[in-house]
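Below, chains carry the letters A, B, ... as their sequence lines are ordered, and counting in each starts from 1.
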2 protein chains.
Amino acid sequence: MYPMSTKQPDLTREKILQFAFCEIHRKGFQAASITNILQDTGMTKGALYHHFPTKQALGLAVIDEVIKKRLDALIFRPLRESERPVETLLEIIATIDQKVPSEYVMLGCPLNNLMQEMSALDELFQARLSAVFGLWQQAIEDALTRGQKQGVIRPDVDCQPTALFIASAWEGCIGIAKNMRSPEVFASCMKQLHGYVRGLQSEPAVATQEQYKGG
Amino acid sequence: MYPMSTKQPDLTREKILQFAFCEIHRKGFQAASITNILQDTGMTKGALYHHFPTKQALGLAVIDEVIKKRLDALIFRPLRESERPVETLLEIIATIDQKVPSEYVMLGCPLNNLMQEMSALDELFQARLSAVFGLWQQAIEDALTRGQKQGVIRPDVDCQPTALFIASAWEGCIGIAKNMRSPEVFASCMKQLHGYVRGLQSEPAVATQEQYKGG
DNA sequence: TACATTACATACCGAGCGGTATGGATGTGT
DNA sequence: ACACATCCATACCGCTCGGTATGTAATGTA
């Protein structure tokens with residue numbers, strides 16, 4: 001066991017998942033080629049179909065074990081663990097383009113890409129993707145709700161639909177920037193979203209008013 | 001000619017375009033099957049490849065001759081021809097779900113679907129799709145600019161990035177509602193967008209404040 | 001050490017795809 | 001009426017895809 005045996009099923013599975021994520025992110029799920037993924041990893045169909053019964057199962061695993069985890073580390077957890085969730089939300093919106101590989105502007109959000117492609121075609125994809133997006137929406141809603149209790153969000157804000165709108169607009173901004181192939185468009189859009197969230201804050205609390213990165 | 005001759009190339013071409021639009025709208029461009037389209041229309045490959053050299057050319061024609069025209073009739077032209085463009089914009093946002101087939105909530109925006117799928121893969125698609133989206137953004141920007149001249153939009157609003165954000169959020173709302181398979185989510189999201197646009201209006205002008213459909 | 005199970009590699013298959021070559025039917029200009 | 005271009009139908013091709021059947025080496029178990 002300790003001398004690094006040749007067969008390491010967990011690592012093999014993880015490696016396949018990572019390369020599958022990349023291929024799917026670049027080509028979309030349907031256009032993603034099993035053969036290409038295997039070619040990249042240097043493995044064969046025997047390995048892949050030992051760990052995943054079908055291409056669909058591989059796609060679903062990518063959603064749960066790669067995409068969800070990345071979003072959690074990037075957005076959900078910081079919001080959850082923050083003591084000033086509204087400030088954290090604003091900071092994430094303002095700096096998200098720096099915390100993600102620059103090529104992601106061209107490739108778009110992996111979650112949104114799959115949602116647009118697969119939701120209408122496959123119920124299992126739809127369910128998993130909706131679940132992940134639900135986490136996103138919930139993370140924002142919790143941040144707003146906690147902000148209201150802290151008095152930094154106006155009491156008249158209806159947090160649930162507001163969070164839904166923020167998450168939707170967020171995905172929309174990423175999608176359009178991807179289409180435009182323009183980091184500037186992405187920055188501009190996210191700045192507007194930033195302003196929208198700031199507009200939800202209570203009037204007295206203008207401390208974080210001009211925190212947005214200069215430009 | 002007058003007795004409805006058997007060969008009507010224009011109608012044939014248009015028929016192919018319409019069925020291709022439906023197939024692409026439902027399956028996406030790559031998954032759209034030429035064979036399926038022909039099966040639906042009752043035609044053959046001879047007809048299709050006489051009018052369109054490749055599948056790509058068919059897709060590009062669908063963008064310019066179907067999607068663009070529909071968006072123009074539904075959104076761009078009403079905004080352009082309106083004398084109160086801001087009110088018109090608000091009205092479109094508030095009633096868009098009634099002016100479009102109900103199944104479109106499940107299928108999403110044809111433009112956005114193609115943008116998400118094809119922009120990263122094909123430069124010609126990217127160019128055409130960006131052009132159409134640019135019309136959208138420009139239509140909103142013009143509406144806001146004219147609104148500013150009329151005094152109904154606050155002078156401090158920067159119309160260009162604001163229009164970009166509105167269009168992006170708009171597409172985002174459609175995309176998320178499609179993923180959720182929920183007309184209610186769509187209505188909720190668009191209501192928030194409606195509120196955002198209202199927030200751009202000058203304070204004195206509260207006439208259209210509560211125009212949003214009851215619910 | 002003997003054996004069963006896991007973890008892969010290799011070769012192969014049917015199906016559906018976009019695209020083409022060819023031929024015939026229809027309209028058009030002269 | 002004849003030549004010709006347009007319009008469309010049919011049959012076919014090469015390719016790639018996801019998936020499988022089979023074999024084999026490594027690993028866990030007794």
Side-chain angles (χ1 to χ4, degrees), chain A residues 1-24 26-63 65 114 117-118 121-122 124-125, chain B residues 1-24 26-63 65 114 117-118 121-122 124-125:
Chain A
M1 173 179 287
Y2 49 90
M4 214 179 78
S5 51
T6 64
K7 302 225 173 162
Q8 309 173 72
D10 292 354
L11 291 183
T12 300
R13 183 187 152 92
E14 187 60 28
K15 193 174 178 183
I16 292 175
L17 278 174
Q18 293 299 330
F19 278 83
F21 167 78
C22 285
E23 173 85 358
I24 292 172
R26 272 156 223 282
K27 310 281 187 65
F29 175 76
Q30 300 180 94
S33 164
I34 296 283
T35 307
N36 278 355
I37 295 173
L38 295 172
Q39 189 170 298
D40 292 345
T41 63
M43 305 183 193
T44 64
K45 289 196 173 182
L48 194 150
Y49 280 97
H50 173 73
H51 290 282
F52 306 96
T54 67
K55 187 190 181 187
Q56 183 197 42
L58 174 62
L60 297 177
V62 166
I63 294 173
E65 301 180 37
L114 282 177
E117 179 187 6
M118 298 304 296
L121 300 179
D122 188 294
L124 285 180
F125 270 88
Chain B
M1 173 178 289
Y2 51 89
M4 212 177 78
S5 53
T6 64
K7 301 222 175 170
Q8 310 176 69
D10 292 355
L11 291 182
T12 300
R13 183 187 152 92
E14 187 60 27
K15 193 174 179 183
I16 292 175
L17 278 175
Q18 292 299 331
F19 278 83
F21 167 78
C22 285
E23 173 85 357
I24 292 172
R26 273 158 222 282
K27 309 281 187 65
F29 176 75
Q30 300 180 93
S33 163
I34 297 284
T35 307
N36 277 356
I37 296 173
L38 295 173
Q39 189 170 299
D40 292 345
T41 63
M43 305 181 191
T44 63
K45 290 196 173 181
L48 193 148
Y49 281 96
H50 174 73
H51 291 281
F52 306 96
T54 66
K55 187 190 180 188
Q56 183 198 43
L58 174 61
L60 297 176
V62 165
I63 295 173
E65 302 180 38
L114 283 177
E117 180 187 3
M118 297 303 298
L121 300 179
D122 188 294
L124 285 179
F125 270 87

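Side-chain polar atoms of B:E117 and B:Q30 form a donor-acceptor pair below 3.5 angstrom.
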Once base and sugar-phosphate atoms are separated, protein heavy atoms under 4.0 Å mark nucleotides 11-18 of chain D, 5' to 3', with B, S and - as ------SB
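In this structure, A:Q8 places its CD atom 11 Å from P of D:dG28, rounding to the nearest Å. Distance CZ (A:R13) to P (C:dT6): 16 Å, rounded to an integer number of Å. What separates CG of B:L38 from P of C:dG16 is a distance of 16 Å, to the nearest Å. In this structure, the CD atom of A:E14 is 17 Å from the C1' atom of C:dA7, given to the nearest Å. Atom CD in B:E23 sits roughly 14 Å away from atom C1' in C:dG18 (whole-Å rounding). Rounded to a whole Å, the CD1 atom of A:I16 is 12 Å from the P atom of C:dA7. Atom C1' of nucleotide C:dT10 and atom CE of A:M43 are separated by 16 Å, given to the nearest angstrom. Rounded to an integer number of Å, the gap from CZ of B:F52 to C1' of C:dG18 is 16 Å.
Between A:T41 and A:T12, every side-chain heavy-atom pair lies at or beyond the 4.5 Å cut-off. The closest side-chain heavy-atom distance from A:F125 to A:I63 is below 4.5 Å.
Pairing each heavy atom of B:L121 with each of A:K27, the nearest pair is CD1-O, 4.0 Å. Nearest approach of B:I37 to B:I16, heavy atoms of both residues: CG2-O, 4.4 Å.
Contact annotation: A:H51 side-chain N/O to C:dT6 OP1/OP2 distance is not under 4.0 Å. A close approach under 4.0 Å does occur between a side-chain nitrogen or oxygen of B:H50 and OP1 or OP2 of D:dC7.
Stacking of B:K55 on the aromatic ring of B:Y49 is not recorded, the 6.0 Å distance cut-off and the 45° axial limit not both being met.
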